Amino acid sequence: TAYSAHSLTMAMRGKGYLGAWVEIDTTVKNRHVDLHYRLHPGMRKYVKKISYRFDNKEIGDFVLSDSVHSVLREGMPLDMSILGMEQKRIVRLLRDNGYYKINKEYISFQADTLYDWGGVHLILDFSRPVGVDTLSDYVRHTFRRVNIYENVRLPDTVWANNLRPGISLYYDKKRKISTRTYDSRLHLRPDSLYREQVVQNTYSSFNGIGALDYSSIRFEEIPENPS
């Protein structure tokens, strides 16, 4: 019962009813227990002002340049599901434009409930999580080379074909799939910007090849100035 009451309370608070609480009435009759939950949502909070904080100017300028697609609006209810949508939108935007290390842990929200009676000042905070690699997380990444391994367990001896400049196919003695098929289904290109959607398109294309049991994509970061 306490767990159910807590779940109901958190559900209401997630929709902007920050002062919500649940009252439980218990009635015992003929060895049967009837539970009645009385919901007290209270006043719903609305967003009266939206601010942004970024710990990197380039990231901030890029995100704000796409604000026309933001789902945050002044006057909207303080709804956690909408905040989650905005978080996913920003991560997708950055990962589709070279920032492949960015994830939802970089984005948090703060709601200043003392800003206005019945309204809140919503602050989107974009900052590095503790312990991340500060040298490369805010760097746009490109694909330098693309290697395809078909039934290969390195460092075994393998055969290789160059599909095109910067793209190589490695296989064990005999190919199962033609180079033309690989080339037509591979959407990753050397010297192109990392884009999450392109990676997912390549996964889908490769998984559509009937002769393949499975496929995986692994990224290996190369230092800017290797010694």
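The shown structure was predicted, so the numbers you read here are calculated from the model rather than taken from an experiment. FYI, the numbering just counts along the sequence from 1.
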Would you mind listing the cluster partners of Trp21? Hydrophobic ones only (ILVMFWY), side-chain contacts under 4.5 Å, chaining allowed. none
Main chain of Leu122, side chain of Gln110: is a donor-acceptor contact present, judged purely on distance under 3.5 Å? no
Compute the centroid of each ring, for Phe219 and then for Tyr194, and state whether the two points are separated by less than 6.0 Å. yes
Starting from Val68 and following side-chain heavy-atom contacts under 4.5 Å between hydrophobic residues (I, L, V, M, F, W, Y), which residues can be reached? none
Nearest 0.5 angstrom please: Arg185 CZ to Tyr182 OH, how far? 11.0 Å
Honestly, is Arg13 close enough over Tyr17, meaning NZ or CZ under 6.0 Å from the six-membered ring centre and within 45° of the axis? no
Does a donor on one side chain and an acceptor on the other come within less than 3.5 Å for Thr202 and Ser205? no
Determine whether a donor-acceptor pair (N or O, by modelled atom type, separation under 3.5 Å) exists between the side chain of Glu150 and the backbone of Tyr171. no
Can you sort out the partners of Asp96 under side chain to side chain contact (heavy atoms under 4.5 Å, CB included), two or more places apart, ordered by chain and number? Arg92, Arg195, Glu196, Gln197
Arg128, Lys101, Arg95 screened by salt bridge (Lys or Arg N to Asp or Glu O under 4.0 Å) with Asp137, the one that passes: Arg128
I'd like to know if Asp66 pairs up with Arg89 as an ion pair, taking the criterion as any Lys NZ or Arg NE/NH1/NH2 lying under 4.0 Å from an Asp or Glu carboxylate oxygen. yes
So, are Arg164 and Asp183 salt-bridged, with charged N and O less than 4.0 Å apart? yes
Pair Lys29 + Asp34, salt bridge at N-O below 4.0 Å: no
